[in-house]
Amino acid sequence: MAQEAPSTGGSSRTLTMARAGREAVIAEMRKDPNIFVIGEDVAKLGGVFGTTVGMAAEFGAERVIDTPISETGFIGIATGAAMAGMRPIVEIAFVDFIGVCFNQIFNFAAKTHYMSGGQFKVPLTMMIGYGGGYNDAAQHSQCLIGTLAHVPGIRIVTPADAYDAKGLMHTCLRDDNLTIWMVHKAIWGLGWLGTAIKTAMATVPEEEYAIPFGQARIWREGTDVTLVGYGITVHHSLQAAEKLAAEGISAEVLDLRTIVPMDRDAIMKSVAKTGRLVVADEDYMNCGVTAEVLATIAERNPKILKAPAVRVANPDIPVPFSRPMENFALPDADKIVAAAKATLKAS
Amino acid sequence: MAQEAPSTGGSSRTLTMARAGREAVIAEMRKDPNIFVIGEDVAKLGGVFGTTVGMAAEFGAERVIDTPISETGFIGIATGAAMAGMRPIVEIAFVDFIGVCFNQIFNFAAKTHYMSGGQFKVPLTMMIGYGGGYNDAAQHSQCLIGTLAHVPGIRIVTPADAYDAKGLMHTCLRDDNLTIWMVHKAIWGLGWLGTAIKTAMATVPEEEYAIPFGQARIWREGTDVTLVGYGITVHHSLQAAEKLAAEGISAEVLDLRTIVPMDRDAIMKSVAKTGRLVVADEDYMNCGVTAEVLATIAERNPKILKAPAVRVANPDIPVPFSRPMENFALPDADKIVAAAKATLKAS
Amino acid sequence: MKPTPKQRIWMYESMLKSRLFDDALFEAYWEGKKPVFHMGKGPLPGEMHQSFGQEPTAVGVCAHLGPDDAVGAGHRPHHVAIARGVNLKRMAAEVFGKKTGLSGGRGGHMHLYDNNVNFFCSGIIAEGMGPGAGIALARKMQKKPGIAVAYNGDGAVNQGAFHEVMNMAALWKLPFVCVIEDNNYAVSVTTKESTVVPAWKRAAGYDCPGEYVKGNDPDLIFEAAARAVQHAREGKGPSILEIETERLHGHFIGDSAGYRSKDEVAGQKDPIPVYRKRLLDEKALTAADMETLEANVKEEVDAALKFARDSEYPAPTEALDRVYA
Amino acid sequence: MKPTPKQRIWMYESMLKSRLFDDALFEAYWEGKKPVFHMGKGPLPGEMHQSFGQEPTAVGVCAHLGPDDAVGAGHRPHHVAIARGVNLKRMAAEVFGKKTGLSGGRGGHMHLYDNNVNFFCSGIIAEGMGPGAGIALARKMQKKPGIAVAYNGDGAVNQGAFHEVMNMAALWKLPFVCVIEDNNYAVSVTTKESTVVPAWKRAAGYDCPGEYVKGNDPDLIFEAAARAVQHAREGKGPSILEIETERLHGHFIGDSAGYRSKDEVAGQKDPIPVYRKRLLDEKALTAADMETLEANVKEEVDAALKFARDSEYPAPTEALDRVYA
Ligand SMILES: Cc1ncc(C[n+]2csc(CCOP(=O)(O)OP(=O)(O)O)c2C)c(N)n1
Ligand SMILES: Cc1ncc(C[n+]2csc(CCOP(=O)(O)OP(=O)(O)O)c2C)c(N)n1
Ligand SMILES: [Mg+2]
Ligand SMILES: [Mg+2]
């Protein structure tokens with residue numbers, strides 16, 4: 001636990017997402033004494049996912065607070081602290097636990113600025129891990145991005161590599177709203193989940209930089225089909241694009257990067273060019289991000305689609321434990337390749 | 001409270017949705033001693049929305065149980081009772097309170113059948129009120145259907161009139177899964193919200209009947225544009241269709257009736273005919289039911305759309321209290337008319 | 001600590017202000033709702049939970065608070081807001097949904113916020129517990145003076161948030177007071193039907209003081225609140241202060257409270273005339289002073305209502321503002 | 001009530017079975033995970049929370065249960081499932097994700113369900129409290145015999161569900177026992193750091209018995225559990241039974257528990273050899289009988305593991321089954 005892949009040293013460092021995110025947190029905490037971290041196992045342990053390693057030692061137990069397993073309670077407390085001038089960072093290791101504290105998030109933290117007519121700000125950042133692929137079963141493998149994205153008042157970012165992890169964390173911490181920084185466990189660079197996806201590591205500048213909300217990122221340009229994803233599905237899409245390239249198909253890979261707000265113009269621009277769309281998401285399909293992306297085309301200009309768009313997502317089942325069944329439920333490069341070919345064949 | 005619009009007597013009765021739903025509950029409770037009702041204010045008061053009026057008198061305090069304000073606790077208890085052979089009905093008066101008990105719903109009640117490989121069934125029906133339009137502000141006016149529809153393992157029905165309210169309640173109570181029967185407060189026929197929308201009252205047979213999950217209902221046939229809605233937006237759509245008819249535009253009104261599963265074939269069939277689509281929903285737009293409907297077209301056959309589809313939904317803001325602002329956030333007939341005209345003008 | 005005469009007069013004044021405010025709203029609420037009641041009609045639409053009878057719980061506690069302190073209330077907030085000194089005109093305007101309201105009409109009566117006096121509300125049961133304790137935590141972290149008070153009904157004590165927050169507030173010795181207004185009802189369910197052990201006794205489970213104040217009496221509440229507030233100010237952590245009070249009306253306007261017996265209702269005492277008589281009997285102020293005080297309060301409430309009624313409604317599109325800071 | 005010799009032998013046997021099962025899983029867990037640890041690799045992927053040291057809490061309570069009773073466990077369920085008599089072969093197969101598993105591989109080690117012995121699990125903290133009490137309610141409503149027991153860690157007592165369910169269980173006098181396994185840790189956070197008053201003392205807040213059992217000793221746990229179970233069977237309502245125990249390993253496999261001091265870890269006692277010695281010393285069984293018993297247990301566990309390994313994986317598309325009944 002709390003181990004991670006080693007980073008290459010030097011000024012042009014290749015970092016894991018875990019380190020890059022942490023670097024942003026530490027930089028902001030050094031500047032602003034009002035920032036503090038609160039959550040389960042964030043102090044002594046340094047976070048189940050290593051998000052807060054070293055912070056208790058540097059900032060003390062007053063600013064890095066281990067809590068009881070009382071998510072409703074400590075999110076409520078963090079919200080109150082934010083209303084009174086602090087800038088809390090709350091860690092929820094697994095998004096699966098959101099159900100025990102969802103009220104305090106969407107009915108209070110997300111709405112207080114609005115309900116108070118702007119009198120109270122809630123500059124609160126949540127760090128949340130999500131996703132499966134390591135057989136952690138139905139209650140520890142969910143994404144639930146759709147759940148969070150459906151309720152107003154929250155900004156949600158989902159970086160796909162270390163560069164974005166740092167830049168988006170700075171943006172979240174400087175924003176005066178409830179922001180959620182979510183990373184898929186399999187790309188975080190956690191030792192205990194291996195370092196399988198190397199594309200999530202990146203060269204990260206030492207200096208601070210902020211990546212604006214609502215700007216998608218084109219990882220790879222292409223002309224035949226647009227592959228939209230975020231977080232881990234960006235990497236699946238990149239692999240799929242490689243495989244497609246080998247067959248002479250040119251795929252563009254678009255990373256949403258921020259889910260709320262979503263860069264709908266970028267989606268439209270890419271699909272207008274390629275005429276074909278595959279959206280890959282590990283989250284449940286129904287009323288999720290894949291639906292929102294497809295709806296965007298349908299309401300802005302369905303004519304740009306030369307063929308039906310394809311969604312590659314969890315087929316609305318609890319995430320099964322056993323490997324063959326879990327793999328069935330998860331998106332991967334092959335499924336994206338198949339989807340791309342299907343939409344290229346159709347018309 | 002707990003008053004309602006009077007129903008005309010006789011064998012061919014016109015009932016409010018409240019009465020029709022209650023009739024189904026009472027009929028099932030008379031047959032099956034394992035059915036019981038649990039929730040806040042369901043016994044002495046008969047439900048904040050009159051859902052359980054008379055039940056405590058008929059079935060006794062053992063089968064109609066007033067609870068403390070402990071939604072997580074009593075949903076958990078109801079789930080356990082269901083696992084042990086009972087068939088509980090849980091009332092949550094306002095869907096807005098789902099956040100305090102969401103974990104127990106989506107992580108346990110909805111997944112236990114799956115996680116147990118079918119060993120434990122959870123035949124539990126929730127009765128939930130939703131929606132705004134009477135200035136109850138941000139924490140008592142939400143729909144949150146998208147939130148519930150995003151997580152697997154739940155069947156969700158949203159009747160738009162008394163006939164469906166009864167038939168879908170019978171279906172829910174006879175199903176062996178977690179089912180949610182949700183009614184928009186403004187069409188329930190509650191005295192304290194007036195009886196403004198007469199189209200929600202309907203002639204209801206005395207005998208029992210069940211309406212299958214996943215069957216949409218065409219309320220009005222038309223050829224120029226399809227208006228999709230559910231619950232209250234069916235009535236807004238019907239009004240809009242009248243107005244459009246006056247201008248020579250023929251609108252088809254499709255009521256989803258059940259959100260999960262959704263009758264996608266019916267949507268495709270109607271839009272294939274009309275070529276134009278407006279989806280109206282009082283819920284938040286992002287990752288909601290409107291997105292799912294548009295996505296269905298985009299992934300099945302975007303070519304059937306002669307023009308961009310239009311979503312009329314909450315523009316992703318907390319529901320404001322003040323009337324002019326709340327009205328701005330809510331769908332209504334005029335907005336649907338404008339949307340229909342926009343899609344008819346576009347191409 | 002007993003209240004000074006000045007404090008007692010303030011308590012009476014604040015209770016009366018709350019009462020006259022609620023009286024005025026009660027009247028206005030029915031405008032547009034007769035002959036057919038529809039909650040969404042008239043100048044005061046939506047649910048309306050009033051404070052008739054519960055005024056003592058507000059003044060007895062808030063009398064001890066200063067500008068650094070913070071107060072959170074729930075779905076029945078008028079008396080607390082007024083005792084806390086929330087701007088009455090802007091509060092009235094908010095309840096009427098006007099642009100000049102505290103939140104420009106976005107919040108309404110269950111969502112009163114006034115940053116000038118660190119006052120907030122929430123309409124979900126026990127939802128204010130965490131934010132209340134969180135403000136207390138901020139004061140402690142920022143080494144600033146000030147405590148936080150969260151008001152809850154008796155129905156709130158069986159909600160998970162109550163438990164989670166009390167444990168952490170005690171663990172971290174936060175300057176926090178949890179007030180429970182025991183009006184014996186959560187809508188139709190009595191305290192005995194819902195709560196196997198009263199909240200103040202559960203304080204033992206959080207290693208903090210718990211006290212029950214009987215009689216709905218401002219003077220006694222004042223004394224008990226003095227202990228809880230001092231405890232918080234001295235850095236000794238939270239307390240649970242449970243206060244017996246009376247809900248003289250239904251749960252909200254429109255609830256006829258048919259679940260209460262006639263005898264029970266007949267036995268209810270209005271705390272305001274009782275306190276008025278006591279102040280006069282004990283010569284805390286003269287009859288003439290009382291008359292002036294009452295006239296002034298009435299004038300202030302009338303002015304607030306007039307301000308609210310005269311104010312404009314927000315433009316529809318203002319709905320889009322303030323979602324994000 | 002003290003355990004009979006037969007019960008004591010059963011307790012030892014069950015503890016040993018759990019231990020050998022966990023030993024075997026521990027070994028299997030590392031297959032495919034060396035030299036580079038990756039939780040998702042090998043025949044036993046996913047988080048693995050084992051019961052090393054906590055076996056006494058399972059046997060001391062479950063010794064009192066019959067076929068009508070129900071048991072819910074949490075994320076650390078092996079010892080409880082085994083003491084409850086869950087089918088060991090199908091349980092092993094479930095943990096290995098096989099088609100022959102209790103749930104056909106859908107659940108995994110945190111989601112063990114066996115309807116034949118009314119056993120369920122859940123991986124969310126305190127989430128089993130409500131379902132446990134709900135089974136108790138069903139027994140009561142159906143006028144059937146049987147009680148329900150819910151196992152929770154010490155970390156669960158500050159989760160709202162614990163509080164809400166205890167209040168209702170007490171209010172409605174449900175035949176329910178809430179067991180708290182106090183291994184002093186919730187991952188890295190100690191009980192003292194998280195819980196201002198221990199759970200068994202909070203029982204006073206639910207007007208029900210609360211007891212703390214020291215020593216991680218099956219015999220003492222048996223005696224205390226007898227009281228709680230009898231209380232439930234007699235229709236007197238729930239109890240909180242908190243049991244001191246030891247987590248001999250990390251939170252899950254892979255957690256080196258660097259947050260614990262060496263001294264602390266060195267001071268830990270394994271309860272199984274202690275109990276074994278006691279049984280032999282007190283001549284509850286002969287050395288020869290012990291040998292036979294141990295050989296039988298080993299054989300049973302080996303057979304279960306072999307069954308699991310030999311079984312087939314489910315087909316990928318079986319993932320789509322059982323979402324709905
Ligand atoms: C979590 C939650 N559940 C239910 C409700 C609905 N509700 C509003 S007020 C109320 C009763 C509250 O009783 P109490 O706390 O005693 O306050 P009182 O109304 O007596 O002032 C209920 C059940 C809610 N607002 N929030
Ligand atoms: C609601 C919720 N929050 C957090 C977690 C993550 N988590 C899993 S086990 C655990 C520690 C549990 O400690 P305890 O209850 O004492 O049980 P133990 O592990 O000691 O057996 C945590 C925090 C969870 N599963 N559910
Ligand atoms: Mg009350
Ligand atoms: Mg523990």
Side-chain angles (χ1 to χ4, degrees), chain A residues 33-36 38 60-63 65-88 90 100-101 103-124 152-155 175-179 213 260-261, chain C residues 70 72 90 94 101-108 110-116 118-142 144 146 148 150 159-169 171-172 174 314 318-319 321-325:
Chain A
N34 289 318
I35 302 179
F36 69 99
I38 185 166
E62 290 223 337
R63 288 181 69 192
I65 304 173
D66 273 341
T67 64
I69 309 175
S70 305
E71 289 86 355
T72 280
F74 65 74
I75 290 176
I77 286 175
T79 306
M83 292 164 68
M86 303 297 291
R87 302 183 72 85
V90 174
V100 299
C101 52
N103 176 68
Q104 209 74 45
I105 296 172
F106 88 97
N107 263 339
F108 196 84
K111 294 191 175 108
T112 282
H113 184 262
Y114 191 82
M115 295 192 301
S116 72
Q119 293 182 81
F120 286 93
K121 292 187 177 55
V122 181
L124 189 165
I154 315 180
R155 300 216 193 270
D175 194 68
D176 277 343
N177 297 288
L178 173 60
T179 53
F213 293 120
V260 179
Chain C
R90 298 197 60 203
E94 186 61 32
L102 290 163
S103 306
R106 288 176 193 79
M110 272 190 278
H111 308 293
L112 302 172
Y113 291 80
D114 189 345
N115 203 5
N116 291 325
N118 307 317
F119 182 82
F120 73 94
C121 268
S122 95
I124 304 289
I125 298 302
E127 195 188 47
M129 284 291 291
I135 296 174
L137 175 67
R139 294 284 188 274
K140 195 173 166 169
M141 291 181 93
Q142 297 179 325
K144 287 187 183 167
Q159 181 70 216
F162 168 84
H163 176 68
E164 296 187 3
V165 172
M166 282 312 303
N167 178 61
M168 280 184 281
L171 209 51
W172 301 334
L174 301 183
E318 289 182 50
D321 304 339
R322 310 290 157 85
V323 180
Y324 295 98

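Each chain gets a letter, A, B and so on, in the order the sequences are listed, and its residues count up from 1. Keep in mind that this is a model prediction, so the values were computed, not measured.
Across every non-hydrogen atom of Gln119(A) and Tyr113(C), the tightest pair is NE2-O, 2.8 Å. Pairing each heavy atom of Ile77(A) with each of Ala133(C), the nearest pair is CG1-CB, 3.9 Å. Nearest heavy-atom pair across Gly117(A) and Arg322(C) is O-NH1, 2.8 Å. Counting all heavy atoms, side chain and backbone alike, Asn167(C) lies closest to Pro68(A) at ND2-CG, 3.7 Å. What you find for Thr67(A) and Trp172(C) is that their closest heavy atoms are CG2-CH2, 3.9 Å. Taking all atoms of both residues into account, the shortest heavy-atom contact from Asn177(A) to Ala325(C) is OD1-N, 2.6 Å.
Residue Leu171(C) touches chain A through its side chain alone, counting heavy-atom pairs closer than 4.5 Å. Looking at Met168(C), the atoms closer than 4.5 Å to chain A (heavy atoms on both sides) all sit in the side chain, from C-beta outward. For a residue to count as touching a neighbouring chain, one of its non-hydrogen atoms must lie under 4.5 Å from one of that chain's; by this rule Phe74(A) touches chain C with backbone and side chain alike. Within the 4.5 angstrom heavy-atom criterion, only side-chain atoms of Asn34(A), from C-beta onward, approach chain C. For chain A, the nearby parts of Leu102(C) are the backbone and the side chain; heavy atoms of each come within less than 4.5 Å. Residue Ile124(C) touches chain A through its side chain alone, counting heavy-atom pairs closer than 4.5 Å. Heavy-atom distances place both the backbone and the side chain of Met86(A) under 4.5 Å from chain C. Using a 4.5 Å cut-off between heavy atoms, Ile65(A) touches chain C through its side chain atoms alone.
Per-residue heavy-atom pair counts under 4.5 Å with chain C were compared for Ala82(A), Ser70(A), Ala81(A), and the maximum is reached by Ser70(A). Chain C forms the most heavy-atom pairs under 4.5 Å with one residue out of Arg63(A), Lys111(A), Lys121(A), Arg155(A), and that residue is Arg155(A). Ranked by heavy-atom pairs shorter than 4.5 Å toward chain A, the options Asn116(C), Val165(C), Asp114(C) are led by Asp114(C).
Residues Pro131(C) and Gln104(A) form a side-chain contact, since some pair of their non-hydrogen atoms from C-beta on lies under 4.5 Å apart.
Of the inter-residue distances, the one linking Thr112(A) atom OG1 with Glu127(C) atom CD reads 7.0 Å to the nearest 0.5 angstrom. Taken to the nearest 0.5 Å, the CE atom of Met115(A) stands 7.0 Å off from the OG atom of Ser122(C). Taking CG of Leu178(A) as the reference point, atom OH of Tyr324(C) lies at 8.5 Å (rounded to 0.5 Å).
Under a 3.5 Å cut-off, the side chain of Tyr114(A) and the backbone N or O of Ala319(C) do form a donor-acceptor pair.
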